[in-house]
Amino acid sequence: MRRLSVAEAVREAIAEEMRQNEKVFCIGEDIGIEGGFGGAFGVTQGLSEEFGHQRILDTPIAEAGIAGVAIGAAIMGMRPIADVQYGDFIFVAMDQLINNAAKLRYLSKGKIKVPLVMRIPVGVSGRGTQHAQSLESLLSHIPGLKIVCPSTPYDAKGLLKSAIRDDNPVMVFEHKLLYGATGRKEALDVSMDVPKEEYLIPIGRADVKREGKDITIVGLLKTVHTALTAAKRLKKEGIELEVIDPRTLVPLDEETILKSVKKTGRIIIIQEDNLFSGWGAEVISLVTEKIFDYLDAPPKRIGPPATPVPFAPVMEKYYVPDEEDLIKEVAKIMG
Amino acid sequence: MRRLSVAEAVREAIAEEMRQNEKVFCIGEDIGIEGGFGGAFGVTQGLSEEFGHQRILDTPIAEAGIAGVAIGAAIMGMRPIADVQYGDFIFVAMDQLINNAAKLRYLSKGKIKVPLVMRIPVGVSGRGTQHAQSLESLLSHIPGLKIVCPSTPYDAKGLLKSAIRDDNPVMVFEHKLLYGATGRKEALDVSMDVPKEEYLIPIGRADVKREGKDITIVGLLKTVHTALTAAKRLKKEGIELEVIDPRTLVPLDEETILKSVKKTGRIIIIQEDNLFSGWGAEVISLVTEKIFDYLDAPPKRIGPPATPVPFAPVMEKYYVPDEEDLIKEVAKIMG
Amino acid sequence: MIDKTKISPNKFIETYTTMVRIRQFEDRVYLLFLEGEMPGTIHLYQGQEAVAAAVCANLRREDLITSTHRPHGHAIAKGVSLRSLMAELFAKKTGCCEAKGGSMHMGDMDVGMLPAIAIVGGGIPVATGLALASKMMHSGKVAVSFFGDGATSEGAFHEAVNMGAIWNLPVVYVCENNLYGASTHQSKVMKIKNVAERASSYGIPGKVVDGNDVFSVYEVAKEAISRARKGKGPTLLECKTYRRGGHSRSDACRYRGKEEEKVWLAKDPIPQARKKLVQLGVLTEKKAKEIEEKVKKEIKDAIEYARRSPSPEPEDTLVNVFVGGEN
Amino acid sequence: MIDKTKISPNKFIETYTTMVRIRQFEDRVYLLFLEGEMPGTIHLYQGQEAVAAAVCANLRREDLITSTHRPHGHAIAKGVSLRSLMAELFAKKTGCCEAKGGSMHMGDMDVGMLPAIAIVGGGIPVATGLALASKMMHSGKVAVSFFGDGATSEGAFHEAVNMGAIWNLPVVYVCENNLYGASTHQSKVMKIKNVAERASSYGIPGKVVDGNDVFSVYEVAKEAISRARKGKGPTLLECKTYRRGGHSRSDACRYRGKEEEKVWLAKDPIPQARKKLVQLGVLTEKKAKEIEEKVKKEIKDAIEYARRSPSPEPEDTLVNVFVGGEN
Ligand SMILES: Cc1ncc(C[n+]2csc(CCOP(=O)(O)OP(=O)(O)O)c2C)c(N)n1
Ligand SMILES: Cc1ncc(C[n+]2csc(CCOP(=O)(O)OP(=O)(O)O)c2C)c(N)n1
Ligand SMILES: [Mg+2]
Ligand SMILES: [Mg+2]
């Protein structure tokens with residue numbers, strides 16, 4: 001075991017899969033340039049030395065092209081791991097992901113597989129409104145795409161490896177402030193022991209990050225950690241939060257969520273992605289449609305205001321839901 | 001009063017606004033060509049004769065360009081009505097809508113207005129998977145965009161006129177099967193009396209399309225009519241549906257929905273757009289978060305399966321939720 | 001112009017037959033459509049047959065093509081079975097997309113044709129990716145992307161062709177310039193005369209060819225494809241042609257000048273080809289008739305097959321969303 | 001080369017001062033940033049000053065520009081106040097975006113600069129739309145879109161420049177080719193030598209100019225802008241230049257060849273301009289010193305202003321989402 005950051009864990013997952021399967025390759029902007037950055041977050045740093053520039057393929061700044069080319073290569077049996085630096089840039093590539101990646105298998109009598117992995121950094125991190133958006137809800141709305149959102153190094157590695165081996169297009173969301181050392185003051189240190197031995201985490205299984213009997217909290221990516229921090233504080237007051245990390249939105253592990261709410265009778269979603277038509281609304285609908293009678297209190301979502309992401313730290317802090325917000329809401333529900 | 005189809009009502013709204021304000025213009029593919037189509041659904045048919053080709057501006061097939069150019073023109077005080085034929089094509093223009101239209105005002109200290117109207121035909125209509133998608137949930141997730149979804153000629157005209165006068169980017173969704181005569185067998189005839197005198201319908205106000213005491217049904221676009229048909233049939237069995245048409249998703253008229261559910265104690269959403277992270281989940285969250293105790297039964301969504309839209313009529317019919325599905329669900333809840 | 005020594009008589013006849021097959025298929029489909037036997041919409045290919053036929057005549061079965069909203073001709077030329085194409089148009093379970101796609105998404109991976117992509121320009125990056133994989137896997141396969149003049153206004157065209165160029169990929173970009181994108185004349189959407197000129201932005205060859213002359217298309221396509229296969233990179237091929245009918249369904253083409261139509265409709269690629277083949281002694285009028293009769297039977301067979309094929313089950317909707325587990 | 005009769009001495013001095021102002025601003029910001037006084041990230045403009053200064057010297061206040069993730073130079077040249085720029089970098093309420101934007105979104109509509117658009121290529125269609133409105137409203141305004149070499153790989157570039165061309169819009173497309181898109185050298189992403197060659201795809205003039213020579217840029221920009229203003233349509237201007245520092249923040253440029261750096265860093269546009277101005281007798285070394293001192297004071301004033309400015313309130317987050325009613 002060694003302590004790894006999310007960035008290191010992701011890099012290791014890529015390298016392991018690339019060693020085992022020559023079909024796996026990376027494609028994106030500034031990912032393999034000698035003396036360069038290893039992508040916007042250093043994740044692919046050093047990989048071109050081991051795997052060469054054919055397999056760590058630098059591209060022009062052309063996201064629709066990147067996504068489309070990756071889709072084409074995937075159809076032929078390659079296993080591209082594509083990235084577009086910041087998730088916000090993926091809007092340029094939306095057509096390829098939604099109209100092609102998510103649909104070509106359906107149109108081909110199942111003769112086509114699109115084993116595409118798209119790595120998508122999301123979340124607020126001090127870069128202003130066009131470098132801060134969350135896209136996991138948006139893409140979870142599209143049938144034909146799997147949606148993966150790891151919150152820890154362990155999950156990031158095991159899930160990415162599964163995503164690379166998956167024969168379907170998988171959108172893997174990574175939160176910028178969880179990567180580790182990325183020169184951001186606000187970054188969380190979530191590094192942890194990660195086994196050296198190979199392991200996989202199946203796509204579609206939620207993880208109970210903390211057990212508790214009083215309220216079910218569902219978080220995703222960075223808000224999992226927000227929930228865990230709140231849980232620690234609330235424990236002192238005798239309130240036990242159960243923190244569920246769905247880890248994948250599509251397919252969603254409904255069972256784990258429902259089981260938890262059956263036990264606690266209460267649910268709060270904490271979400272960095274905009275609330276309206278978001279994944280939290282989906283979870284609330286799941287719970288209220290399926291186990292309405294188990295609920296002892298109204299469900300509740302905590303999230304940002306419905307605004308673009310502002311730049312100044314004081315506004316950014318206001319924008320992102322934090323443990324104070326969660327603790328306040330818990331108090332209301334328990335009180 | 002004359003009976004108008006939605007297409008005619010929309011055309012009339014555009015013409016009236018263009019007559020009154022020379023800043024209003026249309027921009028899109030195949031909208032003004034002589035001897036041409038008047039757009040993919042004939043809506044702008046004849047307008048270039050009255051207003052000329054400068055104001056009914058035909059473009060190359062370049063949706064990112066269309067949206068971006070329209071945004072730029074809007075910033076300068078023009079009032080573009082842009083269209084991209086089928087809603088499915090707007091994925092090509094997503095970056096411009098989300099990263100620019102929705103954010104430039106926010107970044108400009110409020111010095112910029114983006115009075116852009118984007119007309120977006122949506123819905124299943126026998127054209128297969130890349131000509132059938134619904135985008136209203138997706139775009140409702142983006143702060144900074146208003147979302148309008150008229151279901152009748154009267155609403156379509158009054159809301160479009162308001163959208164054109166609105167100083168914000170407004171996405172106006174129109175359902176292809178509601179336009180009227182578009183050569184589609186499956187098209188609904190929803191033509192109705194529309195006053196000749198000018199009128200506006202404010203953005204952000206829901207409409208109770210039918211009053212009833214038993215269950216609140218919330219539909220949008222075509223599913224409003226599905227709900228009304230079901231209501232007529234259920235009346236015979238003594239069940240009174242209240243049919244709410246939000247008409248705009250952003251801003252959402254929460255009050256009208258909450259008031260109705262307070263009365264009926266039950267809610268069913270009927271939605272053509274994919275359910276996961278969709279607008280129906282938002283409505284359920286609204287109701288369960290705010291008036292949980294008024295609910296006498298679990299809320300429920302009816303929608304398509306989580307698949308791309310299939311082509312064959314038998315599968316398409318299976319895909320789109322219809323009055324049978326709704327009636328079945330009503331029976332379950334009432335029974 | 002035509003160098004008989006370069007093409008075998010069989011190839012001549014085969015390519016000509018493909019053109020006839022496409023024409024008859026489209027003519028028949030048009031009627032069936034008008035009679036209401038087919039749901040949805042159609043974009044027909046009459047007039048452009050020489051392009052699909054001549055380009056695909058130079059491809060191997062394992063080579064790949066992407067197509068557009070107007071894919072029938074490409075599908076027939078690449079070898080998708082007429083039965084499965086017709087069945088798809090009839091929305092039958094036996095269709096090449098199992099009735100999930102319809103006219104705009106025809107294809108069959110077994111003969112190297114992706115389901116057609118109906119988003120204008122959307123297939124060009126995908127074709128480039130097919131070629132990238134071919135290069136990475138040393139499979140020797142060539143990818144061809146068919147698209148229209150209108151598609152070259154899309155950003156996807158620009159991004160993809162540039163990538164094909166810089167990576168020297170085995171791909172050929174075939175623009176069928178039929179002068180219109182839907183109702184919009186080329187002159188309204190570009191200032192240049194030839195789409196092929198755009199190749200210079202990417203540092204690759206751009207070639208203009210008479211798209212109604214199957215022999216000319218054959219020559220340049222052969223060259224471009226073999227260039228691609230040899231690892232020398234992509235070519236942008238512009239085939240000047242004309243669609244004989246409307247853009248889709250019931251379009252009466254009132255936006256096209258009568259004079260222009262007259263000139264172009266006179267340049268029908270099929271009689272043109274037949275005449276030359278007869279002159280060359282490769283074809284006789286009798287043989288030509290036989291070909292027509294043979295193709296007629298094929299089409300008839302396809303229609304009967306489609307008619308008697310079963311409709312899909314409603315629940316088939318749920319199949320083939322994800323590999324390994326539906327939904 | 002330089003025709004003194006074409007530019008007034010005042011204009012010379014003013015443009016030169018703009019370059020000095022940008023340089024000093026950026027040098028200072030770099031230090032402040034390293035010292036940790038500024039949040040976020042920065043993309044600095046040192047080395048490219050001649051472009052912003054010379055292009056904007058030919059614009060009127062009411063003309064419009066769009067910019068990129070690297071906007072400080074454009075903002076200063078277009079006349080956004082140093083105070084409001086510095087305050088924005090300090091994330092203060094008095095910033096040009098009220099601290100909503102930060103470094104990558106600087107702008108001020110009062111002087112004709114849109115908030116910079118940090119999506120590479122994303123500003124080009126918007127600038128084209130500004131020009132469309134100018135034409136429709138007969139306002140006589142010209143729009144200039146600044147973007148990098150890397151941006152010309154984006155589909156948005158292609159779609160927008162084509163529209164500007166076909167509609168003959170009053171817009172100038174200014175590509176600052178600094179040889180790199182982030183860490184990626186031009187040669188890796190295009191096969192052509194000059195971005196300006198891409199103009200031929202759209203049937204508009206494309207011009208290559210030494211972007212480190214303020215006088216050359218001035219001449220071609222003047223011509224392109226007056227051409228645009230006269231209704232003769234757009235120009236694609238490629239200014240060959242080099243950024244003196246890293247792409248962003250802490251980039252040490254280890255991907256750039258030492259030789260290349262040496263050659264380019266020697267071609268610093270500012271000493272070059274000063275030398276020529278002195279030769280022309282427009283400037284003296286003494287006057288140059290004075291300019292530097294004056295600018296230094298301006299920057300100092302801006303920093304003090306920024307430091308003493310209030311932070312925004314958290315709730316300011318909610319303001320300016322929609323016109324007429326927040327949220
Ligand atoms: C992205 C996108 N925009 C618009 C359309 C609608 N549309 C379908 S075909 C067509 C014209 C295409 O013209 P061209 O590329 O020249 O092909 P042709 O129809 O002439 O074969 C248009 C605008 C579309 N399918 N996709
Ligand atoms: C659509 C998009 N893709 C990628 C990025 C990340 N990015 C920011 S700047 C940059 C390089 C831009 O190069 P160029 O256009 O030459 O401008 P320069 O930085 O040299 O001024 C990249 C890749 C982005 N901001 N937007
Ligand atoms: Mg065409
Ligand atoms: Mg550059």
Side-chain angles (χ1 to χ4, degrees), chain A residues 28-40 42 53 57-66 68 84-86 88-93 95-96 124-133 182-186 276 304-320, chain D residues 36 39-41 69 88 90-93 95 97-105 115 117-122 148-157 180-185 188-190 247-257 311-321 326-327:
Chain A
E29 298 156 10
D30 301 296
I31 60 174
I33 304 285
E34 254 127 282
F37 318 131
H53 294 287
L57 185 59
D58 286 294
T59 68
I61 311 175
E63 290 74 17
I66 292 170
V84 298
Q85 302 205 343
Y86 284 72
D88 312 62
F89 312 155
I90 218 170
F91 292 119
V92 180
D95 167 59
Q96 288 295 332
V124 170
S125 74
R127 298 292 180 271
T129 191
Q130 290 176 343
H131 288 71
Q133 293 166 86
T182 60
R184 281 155 160 89
K185 285 187 235 162
E186 323 81 356
F276 203 99
T307 72
V309 181
F311 162 67
V314 308
M315 289 191 279
E316 203 184 84
K317 187 175 173 332
Y318 175 82
Y319 178 91
V320 178
Chain D
T41 190
H69 58 285
E88 188 63 29
F90 276 81
K92 294 301 179 71
K93 173 107 179 166
C97 314
E98 281 180 334
K100 295 261 175 65
S103 165
M104 289 196 277
H105 298 297
I117 293 170
I119 306 295
V120 169
D149 47 298
T152 69
S153 296
E154 287 281 4
F157 163 82
Y180 290 86
S183 70
T184 306
H185 192 272
K188 284 209 168 62
V189 299
M190 57 183 89
H247 169 64
S248 67
R249 274 198 314 156
S250 51
D251 170 19
C253 293
R254 275 175 295 130
Y255 48 85
R256 297 206 301 206
S311 281
E313 297 302 317
E315 294 77 12
D316 288 340
T317 303
L318 307 175
V319 176
N320 285 330
V321 179
E326 300 316 328
N327 278 302

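Computation of the quantities below employed the complete heavy-atom set of this structure, encompassing side-chain atoms and omitting hydrogens, waters and symmetry-equivalent molecules. Note on naming: letters A, B, ... go to the chains in the order of the sequence lines (proteins, then strands), and numbering restarts at 1 for each one. No experiment lies behind these values; they were computed from the predicted model shown.
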Not counting sequence neighbours, which residues clear side-chain hydrogen bond (donor to acceptor under 3.5 Å, both in side chains) with D/Ser183? List them please. A/Asp30
State the CD1-CD1 distance between D/Ile119 and A/Ile61, to the nearest 0.5 angstrom. 11.5 Å
Give, as side chain, backbone, both or neither, the part of D/Glu88 having an atom under 4.5 angstrom from any heavy atom of chain A. both
Minimum heavy-atom separation for A/Phe37 to D/Ala182, with atom names? CE1-CB, 3.8 Å
By ring pair (Phe, Tyr, Trp, His ring centres under 6.0 Å) - contacts of D/Phe90 (at least two apart): none
Of the non-hydrogen atoms in D/Pro314 and A/Met315, which two are nearest, and what is the gap between them? O-CG, 4.0 Å
I want to check something: taking the side chain as every heavy atom from C-beta on, are D/Lys100 and A/Thr129 in contact at a cut-off of under 4.5 Å? no
Should D/Leu318 and A/Tyr318 count as side-chain neighbours, where that means a heavy-atom distance under 4.5 Å? yes
Considering only heavy atoms from C-beta outward, does the side chain of D/Pro39 approach that of A/Phe311 to under 4.5 Å? yes
Of the backbone (N, CA, C, O) and the side chain (C-beta and beyond), which part of D/Glu315 lies under 4.5 Å from a heavy atom of chain A, both, or neither? both
Quick one: of D/Gly181, D/Gly121, D/Gly122, D/Gly101, who has the most non-hydrogen atom pairs under 4.5 Å with chain A? D/Gly101
Minimum heavy-atom separation for A/Ala306 to D/Val321, with atom names? O-CG1, 4.1 Å
Non-hydrogen atoms of chain D under 4.5 Å away: do they reach the side chain of A/Ser125, the backbone, both or neither? neither
Structural part of D/His185 lying under 4.5 Å from a heavy atom of chain A: neither
Sort A/Glu34 into side chain, backbone, both or neither according to what part of it lies under 4.5 angstrom from a heavy atom of chain D. backbone
Considering only heavy atoms, which portion of A/Val309 lies under 4.5 Å from any heavy atom of chain D: side chain, backbone, both, or neither? backbone
Residue pair A/Ile33 / D/Lys188, side-chain heavy-atom distance below 4.5 Å: yes
Considering only heavy atoms from C-beta outward, does the side chain of A/Gln130 approach that of D/Met104 to under 4.5 Å? no
